[in-house]
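As structure tokens, the structure follows; a few thoughts come after it.
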Amino acid sequence: MVRYNPNEIEPRWQSYWEEHQTFATPDLASAGANTVKRYVLDMFPYPSGDGLHVGHPEGYTATDIVARFARARGECVLHPMGFDAFGLPAEEHAIRTGEHPRVQTQRNIDNFTRQLKMLGFSYDWNRVLATTDEGYYRWTQWIFLVLYDTWFDAQAQTGRPIAELPIPAEVTAEGERAVELYRDSRRLAYLDDALVNWCAALGTVLANEEVVDGKSEVGGHPVKRIPLRQWMLRITDYAERLLDGLADLDWPTGIKKLQYDWIGRSTGAEVDFYLRPGETSSNAAGDADAAGGPFVAWKRDRQTSGFTGEAGRDCLRVYTTRPDTLFGATYMVVSPEHPLINRLVTAERKPEVDAYCEKASFKSDRERTDGDRAKSGVFTGSHAINPANGLSIPVWVADYVLAGYGTGAIMAVPAHDIRDFEFAIAYDLPVIAVVDPPADHEQRDEILAGKACFAAEGNAINSGEYNGLATAQVKADLTSKLAQQGLAREAVNYKLRDWLFSRQRFWGEPFPILHEIDAEGNPTGIKRGVPDNQLPVTLPQLEDFKPHGRPEPPLAKADDDWLIVEIDGKRYRRETNTMPQWAGSCWYYLRYIDPQNTERLIDPELERAWMPVDLYVGGAEHAVLHLLYSRFWHKVLFDRGHVSCPEPFTKLVNQGMILGEVEFTGYVDESGKPVSVKNARKDAEGNRVTKDNRPVESVRYAEDQVEKQGDGFVLTSDPTIKLDSRAFKMSKTRGNVVNPDGVVRDYGADSLRLYEMFMGPLEATKPWVMNGVGGVRGFLDRVWRLIVDEKSDELCVSDAVVDMECDEEQLRVLHQTIRKVTDDTQAMSFNTAIAKMMEFSNHFTRCEKRPRAALETFLILLNPYAPHLCEELWSILGHTESIALQPWPVWDEAALAESSIEIPVQINGKLKAKIHVSPDATADQMICVAIADEQVIAAVGDKQIVKKIGVPGRMVNLVVK
RNA sequence: GCGGAUGUGGCGGAAUUGGCAGACGCGCUAGACUCAGGAUCUAGUGUCCGAUAAGGACGUGGAGGUUCGAAUCCUCUCAUCCGCACCA
């Protein structure tokens with residue numbers, strides 16, 4: 001008995017590939033001019049201590065099939081793998097155990113590498129990289145310096161940054177510190193005092209994107225907002241181009257939409273409201289001046305919250321998408337963090353406003369957005385002049401207005417904005433309708449009376465000269481009229497914020513930035529990049545990585561010989577923040593192309609030859625973060641001439657999540673008696689209880705305790721007890737995690753690969769079914785027996801394998817299989833390609849004579865899917881060269897043709913008979929055969945055929961009466 | 001609340017894009033072989049009526065519609081999942 005034994009076969013072929021460098025990337029330059037390059041990329045994993053989970057091989061198998069398929073078709077393939085190895089878990093582990101994060105990270109990388117090799121992926125392992133390699137993060141730091149030395153130029157109007165920043169004479173005159181501040185106001189990487197998401201438990205600040213529901217995405221710890229001086233990346237300057245670039249990408253529409261919404265472009269107008277004179281404390285120093293000094297205007301020249309306008313009158317600037325509703329603006333609201341708030345508030349209102357603002361600052365984002373979101377706010381005591389109608393309207397402070405969006409202040413139009421309406425109702429502010437709802441609108445009377453809100457478009461009313469005009473018209477006319485008076489201008493706004501780029505962690509890339517210090521060690525406010533020849537800035541030796549709950553980074557605890565640097569007689573203190581985990585993954589796809597280059601980021605010729613990435617596969621969880629950040633960096637590198645294409649990833653595919661096996665759950669009461677799902681309802685606290693409020697406990701049942709009844713499942717032992725059936729996300733706590741090591745041990749790597757591809761479409765979310773792995777293993781067993789004589793004691797080719805021509809049917813099946821597998825592999829419809837190969841194997845298993853040539857062709861088709869088995873059978877059939885080097889077969893249309901095809905005959909659309917006709921029969925010929933058919937005659941009976949429809953090669957339909 | 005996606009047998013899923021619904025696999029049933037089986041082979045397997053036949057009816061979340069013909073197109077509706085969530 002010589003059985004198919006993957007555990008013996010697979011490691012053998014893996015060593016063979018490694019020894020023979022079967023999958024080393026070919027040299028593109030020496031390949032022929034007609035050679036097609038194909039860059040097939042996986043999202044590289046974070047090497048966690050748990051090892052691979054079955055979700056990883058899903059995407060990796062898909063790209064491996066694509067890569068092997070492309071090679072067989074003569075394309076030049078780059079298919080690399082690496083590790084995104086900086087990150088919180090390794091540092092958390094280091095804090096717990098005292099082991100250096102590098103040690104654990106290396107151990108995890110080794111384990112991941114073992115697992116990836118065990119699955120037989122055809123990566124070019126010569127190019128493997130980890131973001132934690134000094135030779136790698138040297139260039140991450142280098143790119144940061146590119147961002148640091150690239151400037152946004154508001155005047156240039158090119159939408160692109162510039163490499164040299166002209167410094168205005170009046171700034172130069174103010175001295176070095178002024179120049180520094182001016183530069184920071186223009187850098188793509190700049191220091192700023194920002195309200196940041198501070199997570200005390202993690203001891204770091206987090207990007208907006210890393211905060212979910214007011215809690216940290218990692219660990220779910222509370223996050224609160226504090227002001228802190230932080231590194232920011234000016235991604236907002238790329239908002240427009242990040243948006244435009246999406247149009248031409250072959251990405252899932254859902255992901256494009258997510259990015260589109262994340263950037264959140266809106267158009268409208270900025271409108272300036274002068275405050276009523278004499279009322280505000282315009283002599284008090286405002287927060288705006290305190291925060292920015294004389295450079296506040298430069299810093300905020302594109303987004304001024306407020307300013308002192310003509311004749312010393314304070315002015316409040318708002319952003320609105322509905323300038324047409326200006327006549328309905330009955331009050332204004334500023335956010336509690338608004339820079340002009342101290343000037344707005346009158347003396348008698350100050351205690352109340354201060355108290356409100358302080359309370360708001362203590363609220364986390366979660367509290368501010370949670371619950372029923374009842375609006376709150378206080379009156380500042382000031383009034384502003386509505387520029388549309390000259391009326392005086394009150395200015396309020398409320399935390400439903402966000403400091404970070406627009407100008408941090410709004411004009412409130414309660415009649416046409418639901419939030420303003422809620423606030424106006426709560427505080428009894430006037431509601432004036434200025435847009436007429438359609439005549440048939442249910443609530444039209446209430447809306448016109450100011451008793452309801454209408455947020456859609458319509459014709460203007462109560463709007464002076466604009467009455468009767470449509471929304472779009474009023475927007476344009478009113479904005480341009482106010483623009484002439486200098487009171488408004490068209491404006492574009494984005495939800496996207498600048499990217500908070502520093503972290504107070506140890507296990508990340510140090511910033512290559514030096515802060516100048518004077519003789520006493522005090523900062524002078526001047527900083528510089530680390531000179532190129534001193535990169536990388538490596539991490540210092542540290543005994544203690546623990547976060548201490550204060551926002552000083554762990555690197556600040558390093559010794560002075562790391563911390564203090566002297567260049568050209570000046571002393572500097574190193575920047576002690578580190579970069580976020582996203583940094584390394586922003587550009588790794590470039591490094592694979594030229595991984596050993598110590599002279600530059602990437603060789604320009606190689607870059608032009610291999611970029612962009614042709615196929616990028618990974619999970620949808622990176623839809624906005626990684627994929628937006630790396631597009632941003634790539635565009636900066638493009639603008640600075642370091643890469644040749646404006647977008648890095650031409651085609652993106654998201655593999656769907658793999659859930660755990662379907663579970664049957666029911667409930668039992670305190671006595672252990674089963675309770676039907678219908679009778680276990682949720683109480684006010686969300687706990688499951690019986691009808692009479694006794695607590696119940698959730699229990700899981702095994703498949704054999706359950707049976708189908710009606711449209712649900714019930715307990716076999718008591719069919720009155722209804723159960724839930726559902727698949728859940730794999731998680732350690734639920735205990736439904738499937739470990740690839742175990743699957744490979746029990747079924748083999750080829751079976752795991754094939755099963756994951758056979759489960760369903762790559763993009764779909766689907767539950768794991770272990771029996772399904774057995775199913776595909778059965779298929780591979782049958783393929784083995786197609787060729788190997790299993791009954792024999794020696795390994796030998798089965799007697800059924802013969803050197804003869806295929807019969808007509810075998811030839812047709814073979815060529816159908818070639819066509820289907822070729823088309824479906826190209827379309828990444830792997831599950832249907834596998835189904836077709838199963839049909840092939842089923843057919844040829846039944847054949848007593850199996851032509852060797854057909855089997856060999858079949859093995860080449862199956863090889864990308866189950867490479868170990870195919871290599872083995874290929875060699876058993878007597879070949880000495882790897883099957884991976886065989887050219888992809890081509891199907892022959894002639895072989896597909898059948899001499900006669902079966903055609904359904906419908907009568908009034910119902911299938912009544914089948915006829916056999918030649919495949920090239922015309923519609924008329926088919927109809928002739930059909931109406932002569934006995935069954936058809938019987939079915940028609942004595943009724944009249946009133947219409948005959950024939951579709952050549954498809955069907956015949958007769959309409960009878 | 002807004003946005004997106006998806007609804008097909010007991011289960012995962014096919015269906016050449018308007019033309020034989022249920023490919024392929026799991027599971028299940030029966031038979032063969034077997035000391036045994038998570039082995040192999042063969043046959044069957046959408047539901048209902050019918051006798052276990054012949055035959056028939058129904059059937060792609062639901063209700064309408066377009067069409068000779070609808071899982072596929074249109075309208076309404078329900079359910080589930082996933083994003084976003086005071087962005088003015």
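These numbers come from the heavy atoms of this one structure, side chains and all, not from hydrogens, waters or symmetry mates. Proteins come first, then strands; the chains are lettered A, B, ... in the order of their sequence lines, and each starts at number 1.
Of the candidate nucleotides B:C24, B:U16, B:C86, B:U16 has the atom nearest to the side chain of A:Arg954. Comparing B:G19, B:A15, B:G12 by their closest approach to the side chain of A:Pro767 singles out B:G12. Closest to the A:Pro904 side chain, of the nucleotides B:C20, B:A15, B:G25, is B:C20. Checking B:G25, B:G19, B:G27 against the side-chain heavy atoms of A:Asn771 singles out B:G27 as nearest.
In terms of polar N and O atoms assigned as donor or acceptor, the side chain of A:Lys836 never comes within less than 3.5 Å of the base of B:C24 in a complementary pairing. Under 3.5 Å, the side chain of A:Lys914 and the base of B:C20 form at least one donor-acceptor pair of N or O atoms. For B:C68, the base has a donor-acceptor partner in the side chain of A:Asn957 [N/O atoms by modelled type, under 3.5 angstrom].
B:G10 and B:G46: their P atoms are spaced 11 Å apart (whole Å). Comparing B:U47 with B:G59, their P atoms sit 16 Å apart, to the nearest whole Å. Going from the P atom of B:G31 to that of B:U16 covers 39 Å, rounded to whole Å. Using atom P as the reference point in both B:U72 and B:G65, the two lie 14 Å apart (nearest Å). Here, B:G13 and B:A63 have their P atoms 24 Å apart, quoted to the whole Å. Look at the C1' atom in both B:G64 and B:G50: the space between them is 33 Å, to the nearest Å.
Regarding A:Met657, its CE atom lies at a distance of 12 Å from the C1' atom of B:G83, rounded to whole Å. The distance between atom CE of A:Met955 and atom P of B:U16, rounded to the nearest whole Å, is 16 Å. Spacing between atom CD of A:Glu422 and atom C1' of B:A88 amounts to 13 Å, rounded to whole angstrom units. Atom-to-atom, CD1 of A:Ile901 to P of B:G19 comes out at 15 Å; the value is rounded to the nearest Å. We find that CG of A:Leu911 is positioned 15 Å from C1' of B:G22, with the value rounded to whole Å. Between the CD atom of A:Glu663 and the P atom of B:C11 there is a distance of 17 Å, rounded to whole Å. B:C2 atom C1' lies 9 Å from atom NZ of A:Lys257, rounded to whole Å. The separation between A:Leu258 atom CG and B:G4 atom P is 11 Å, rounded to whole Å.
Remark: A:Tyr400 is not in phosphate contact with B:A88, judged by side-chain N or O atoms under 4.0 Å from OP1 or OP2. A close approach under 4.0 Å does not occur between any side-chain nitrogen or oxygen of A:Lys766 and OP1 or OP2 of B:G12.
Atom CD of A:Glu490 has 12 or fewer heavy atoms from other residues, nucleotides or ligands within 6.0 Å. For CZ of A:Phe664, the number of neighbouring non-hydrogen atoms (other residues, nucleotides, ligands) closer than 6.0 Å is greater than 12.
Under the 3.5 Å distance criterion, with hydrogens and angles disregarded, a donor-acceptor pair is assigned to the side chains of A:Tyr865 and A:Thr825.
If you check every strand for non-hydrogen atoms under 4.0 Å, A:Val959 touches sugar and phosphate atoms only. Within the nucleic acid shown, A:Asn908 has no heavy atom closer than 4.0 Å to any nucleic acid atom. Counting non-hydrogen atoms under 4.0 angstrom, A:Glu839 reaches the backbone sugars and phosphates but no base. Using a 4.0 Å heavy-atom criterion, one finds that A:Thr765 contacts the sugar-phosphate atoms exclusively. A:Gly775 comes within 4.0 angstrom of sugar-phosphate atoms only, judged by non-hydrogen atoms across all strands, and of no base.
In this view, A:Asp498 satisfies the salt bridge (Lys or Arg N to Asp or Glu O under 4.0 Å) rule with no residue, not counting sequence neighbours. Qualifying side-chain contact (heavy atoms from CB on, under 4.5 Å) partners for A:Lys948, counting only residues two or more places apart in sequence or in other chains: A:Ile927, A:Ile945, A:Leu958. For A:Tyr319, the side-chain hydrogen bond (donor to acceptor under 3.5 Å, both in side chains) partners at least two apart in sequence or on another chain are A:Ser266. Remark: A:Lys947 pairs with no residue by the side-chain hydrogen bond (donor to acceptor under 3.5 Å, both in side chains) rule, at least two apart or across chains. The side-chain hydrogen bond (donor to acceptor under 3.5 Å, both in side chains) test applied to A:Arg734 returns A:Glu663, not counting sequence neighbours. Among residues two or more places apart in sequence or in another chain, the side-chain hydrogen bond (donor to acceptor under 3.5 Å, both in side chains) test is passed with A:Tyr747 by none. Remark: A:Asp750 pairs with no residue by the salt bridge (Lys or Arg N to Asp or Glu O under 4.0 Å) rule, at least two apart or across chains.
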Query raised in the report: How does each nucleotide of nucleotides 35-42 of chain B score, in 5' to 3' order, for protein heavy atoms under 4.0 Å: base (B), sugar-phosphate only (S), or none (-)?
Result: ---B-SSS
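Pairs passing the salt bridge (charged side-chain N to carboxylate O under 4.0 Å, His left out) check and including a residue from residues 752-778 of chain A, sequence neighbours excluded, read A:Glu58-A:Lys766, A:Asp64-A:Arg753, A:Arg777-A:Asp781.
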Mind listing the N/O atom pairs, protein and nucleotides 29-34 of chain B, below 3.5 Å?
none

Atom pairs, protein N/O to nucleotides 70-76 of chain B N/O, distance under 3.5 Å:
none

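Every stem involving RNA chain B, taken as at least 3 paired positions in a row under the Watson-Crick or G-U wobble test at 3.5 Å, is listed here: B:1-7 with B:78-84, B:10-12 with B:24-26, B:27-32 with B:40-45, B:46-49 with B:55-58, B:61-65 with B:73-77.
The pair A:Arg489-A:Asp272 counts as a salt bridge, with a side-chain nitrogen and a carboxylate oxygen less than 4.0 angstrom apart.
Comparing A:Glu902 and A:Tyr319 along RNA chain B, the residue whose closest nucleotide (by nearest heavy atom) sits nearer the 5' end is A:Glu902.
In this structure, CG in A:Asn386 is found 7.5 Å from CZ in A:Phe327, a value given to the nearest 0.5 Å. Going from atom CG of A:Leu652 over to atom CG of A:Leu249 covers 9.0 Å, rounded to the nearest 0.5 Å.
Remark: aromatic rings of A:Phe423 and A:Tyr331 are close, center separation under 6.0 Å.
The shortest side-chain heavy-atom distance between A:Leu242 and A:Ile235 falls under the 4.5 Å cut-off.
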